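Contents: one structure, followed by commentary.
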Amino acid sequence: MSESNSVEKRILESLKSKFGESILEDGWEGALAPKRIKTFASREKIVEVAQAIKELGFDQVISQGGTDYPKDDIFKVNYHLIAVDNEELKPIILSLATKLPRNDPKMSTLTNVWRSAEFHEQETFENFGIFFEGHPRMERLLLPEDWDDIPPLRKEFTLPGR
Amino acid sequence: MEVVERQGDYLTMSVGPQHPGSGHMRLIVTVDGDIIVKVKPDPGYVHRGAEKMCEVRTYIQNIPHLERPVIIDSCGILFAYVLAAEELIGVQPPPRAQYIRIIMAELNRIISHMYWLSIYGIFMGHSTMFMWPMGDRELFIDLAASIGGTRVTFSYFIPGGVRNDIPPGFKEKALKTFDYFVKRLKEYEKIYFNNPLVLKRTQGVGVFKREDAISLGVTGPNLRASGVASDTRKDEPYSMYDTIDFDIPTYREGDSYSRAWVRLEEMRESMKIIRQAIDKMEAGPVKQPMRGQIKGKVGEAFARTEAARGTMFYHIVSDGGKFPYRVKISVPSFRNLIAMSHLLEGNRLADMPVIYWGLDYWPVEADR
Amino acid sequence: MVSSGSAISVFAGKVNDLLGTIVEQSVKEPIRYIVNWGRLYALWPVHLETACCSVEFGAASGPRFDLERFGMLEAFGSLRQCDLLVVQGTVTRKMAPRLQWVYEQMPEPKWVIAMGACAISGGLYIDSYNVIQGIDKIIPTDVFIPGCPPRPETLIQGIIELQNKIRRSRVRS
Amino acid sequence: MSVSLARGIFDAFFASIKSLTKRRYTLRYPEQKLDLPDGYTYDPKTQVGSPGVKGRHILYLDKCTGCSLCAIACEGIADCIDMVKVDGTWPKDKKAIMPQIDYGRCVFCGFCVDACPFDCLFMTPEYELASTDKRKLVQTPFQLGTLPEKKGLVEFIPDEKSGAHHA
């Protein structure tokens, strides 16, 4: 356990040396757990941080999704990254989070860094209304063509009869 | 795959959603003659809003509808949810329950691969290969149903263990079935996998290069067919997989043929895993009893497992209430969908069913 | 003269009616039987998969349950030669217009089977924003097969119910 | 190349021909029925169920107290259980309300059985529920109170010599 923990610590340290303490600045929970690394980047710096994470060896986006926090008036966007082609990093899932204000939900896309983020970002766009600048196809994917309600995964959207 | 831009008339047509070869999705295909130039997938015909529904259901009530997206692999999709929910609720399943989970997950993997194999057969017009796996699949369905109660949707894993013990006489029944099935697999190889007609249609069709497969986010058997030995059961052993000895079959070619072989080999490995799990299982409780309303602690948890189609990932955020605050389901089919247009472009229209189903894309799972 | 002539014509008309009913009764019933018998064992289902119940439909067409014993053949390309629509599971808002188009394109007579809880009433997805709560709201439905998904035996039982219904049904002239 | 081609085709052909000698695979359903085990039951003390088939429910009317815990458990799943008034006097059930199940909605997950603390709601292996009338899918407490007759006869036997068959 200690050995695998050292890999995670080393990755976090290398990110810290590049971007400072802001990489840990998440108001929710600790940054390091066994096989889990939680990082944070502001939306201005996220492409830069993502590039650095990719260079470390994380080559696939396993999941990307948003969470709506109407109380704090923000959206939190999580990218979960794995390494399929790097023996040392294989057990680790790295989460890269960012916060967006609810009245201006916009951030630049990470499809240029990881191509596998493409459909995930499209899905987050239709479910939350978060706009990804520079995305090749920012259009509806799963919802019906005639959807005219607010994006369904926002908290103010309530299910009928609930 | 390189597409040579050609002068001439392009024809755009949509394949599906009512089409014998498409399932419940639509592909908008542009062809030049019979060469596919461009493919735009149009999923969402079975989008049922599972992620939103999770927010108004308790951790237990979420179980039945979370396994519906992929009912042929219902334990596979539920496994990661249960692991993430256990982390939030703070319960640990007893060891016997963990072995039973492995047995069920692997049985589901075989059931899912058999369904895939039979449809793969009928897509190539090989009716025998539809009938044989579809029939032998029933043996494994009977095995799983004797534990789970229903034929495909078991609602069997719950946070804290499994809902019931395995029935008496399961071991003998399972071993008898495996002995039968191992011999059947050899016949499958004869009539299908080594059949020259099938070789001609699948070898070198829909080739995925290793780098492309990684960068596009392809997962599961499709990734392993391209030479990347990536399997969550080995990478990040969850449950009791670290006590079990098994191999990950990988192939280098990355074509439709090797994707079929990966799945065939995986069925053999799954039987190996179940045999070991049955032997290692000791008597004991199968569930940690819980009293009162189940609540998750404030925070977030994520877990991944290896389902039949690839890595299943759940991200659950809890605000301390009885309902999860947000459940993000990341399913392998959805991540394989991006590869579809990449693979189809430049191939012939006649090869489309082989490539499409060779990816084992399950629309209901992708749409959620 | 006039009155007797009209009496004769009335009489002739009555005889004609009576004969007509006798002939109709004696011919229509066998014809109805024969036509229905022909329809009964040649149910050609549309290959429209709406959701996950298609797995159990596939299993029912497999060798263990073998729907072809009941004259149900498997997948077909053309809607124009099909007379049975098996709605295999959830119908979403995106799929609903397609389902209606498929139904409209099928020739008369046609029957609809709602397979699975989602097709009957929405099932698990009672409060989902994207699911139609029961297909009998959009197309007329003949047989309901409960289950999630139904066992292939239940599907076969539903098809036997449908065949009984066809056997009873009237034939339009 | 041509030798291996011929050999491959011959192998495939021979493997298929061999299956002509095997026994019939098909379960002739309406005449033969599978021998299913008993229905799913649950022990509220140990919180563990029994491995059993999840089919139509059985309600032991004399044990039901009308607590409507099953309906609450089902509310977030399929919402198929309604508590309805039943005729007669029930010593344990003062309000005389009992569950009525709409099989047009039920998904046979069995969480209502887990929720019942009085051992009165279990499942049976009955699955023949298809109907031409949607209203007939709703089963009243009295309909749920009857045990199905056991009709199971045959078992599925995997046997590579004679082929998998039902007997």
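Note on naming: letters A, B, ... go to the chains in the order of the sequence lines (proteins, then strands), and numbering restarts at 1 for each one. Owing to the predicted nature of the structure, the values given are computational and were not obtained by experimental measurement.
Comparing A:Lys155, A:Arg137, A:Glu118, A:Gln64 by heavy-atom pairs within less than 4.5 Å of chain B, the highest count is held by A:Lys155. Listed options B:Thr219, B:Ile329, B:Thr232, B:Leu337 were ranked by heavy-atom pairs under 4.5 angstrom with chain A; first place goes to B:Leu337. With chain A as the partner, the residue from B:Ser215, B:Gly217, B:Pro41, B:Ala229 showing the most heavy-atom pairs under 4.5 Å is B:Gly217. With respect to chain A, the highest number of heavy-atom pairs below 4.5 Å among B:Arg368, B:Arg210, B:Arg304 belongs to B:Arg304. In terms of heavy-atom pairs under 4.5 angstrom with chain B, the leader among A:Gly66, A:Pro144, A:Ala117 is A:Gly66.
When heavy atoms are compared at a cutoff of 4.5 Å, A:Glu139 approaches chain B solely by way of its side chain, counted from C-beta outward. The part of B:Val218 that comes within reach of chain A is its backbone (N, CA, C, O), which places non-hydrogen atoms under 4.5 angstrom from that chain. Proximity to chain B (any heavy atom under 4.5 Å) is restricted, for A:Glu123, to the side chain, taken from C-beta onward. For a residue to count as touching a neighbouring chain, one of its non-hydrogen atoms must lie under 4.5 Å from one of that chain's; by this rule A:Arg140 does not touch chain B. Neither the backbone nor the side chain of B:Ala301 comes within contact range of chain A; no heavy atoms are under 4.5 Å apart. Only the backbone of A:Asp68 has a heavy atom closer than 4.5 Å to any heavy atom of chain B. Contact of A:His120 with chain B is made through backbone and side chain together, with heavy-atom distances under 4.5 Å. Heavy-atom distances place the backbone of A:Val61, and not its side chain, under 4.5 Å from chain B.
Using a 4.5 Å cut-off on side-chain heavy atoms (C-beta onward), B:Glu236 and A:Ile93 make contact. You'll find the side chain of B:His47 stays beyond 4.5 Å of the side chain of A:Leu141, heavy atoms only. Between B:Pro43 and A:Leu142 the shortest side-chain heavy-atom distance falls below 4.5 Å. Annotation: side chain of A:Ile62 is in contact with side chain of B:Arg335 (closest heavy-atom distance under 4.5 Å). At a threshold of 4.5 Å between non-hydrogen side-chain atoms, the residues A:Gln60 and B:Leu223 count as touching. Contact of the B:Lys234 side chain with the A:Lys90 side chain is not registered, since no non-hydrogen atoms from C-beta on lie closer than 4.5 Å.
Contact between B:Phe334 and A:Phe119 at its shortest, heavy atoms only, is CZ-O, 3.6 Å. Contact between B:Val228 and A:Asp85 at its shortest, heavy atoms only, is CG1-OD1, 4.3 Å.
Ion pairing between a basic and an acidic side chain is recognised when a charged N comes within 4.0 Å of a carboxylate O; A:Arg36 and B:Glu87 show no such pairing.
Remark: the backbone N or O of A:Arg154 is paired with a side-chain donor or acceptor of B:Lys52 at under 3.5 angstrom. A:Arg115 places no side-chain N or O within donor-acceptor distance of the main-chain N or O of B:Ile338, the cut-off being under 3.5 Å.
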Apply side-chain contact (heavy atoms from CB on, under 4.5 Å) to A:Asn78 and B:Glu300, showing your working.
CA-CA 11 Å; A:Asn78 281 78; B:Glu300 59 179 357; 4.3 Å; yes

Test B:Lys328 against A:Ser63 for side-chain contact (heavy atoms from CB on, under 4.5 Å), laying out the working first.
CA-CA 8 Å; B:Lys328 165 74 194 169; A:Ser63 152; 3.6 Å; yes

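We find the CZ-NE2 distance between B:Phe302 and A:His80 to be 5.5 Å, quoted to the nearest 0.5 Å. Atom CG of A:Leu89 is separated from atom CG of B:Asp235 by 11.0 Å, given to the nearest 0.5 angstrom. The CG atom of A:Leu153 lies 5.5 Å from the CD atom of B:Glu51; values are rounded to the nearest 0.5 Å.
B:Tyr325 and A:Tyr69 have parallel rings, their planes meeting at less than 30° on a 0 to 90° scale where 60° marks the start of perpendicular.
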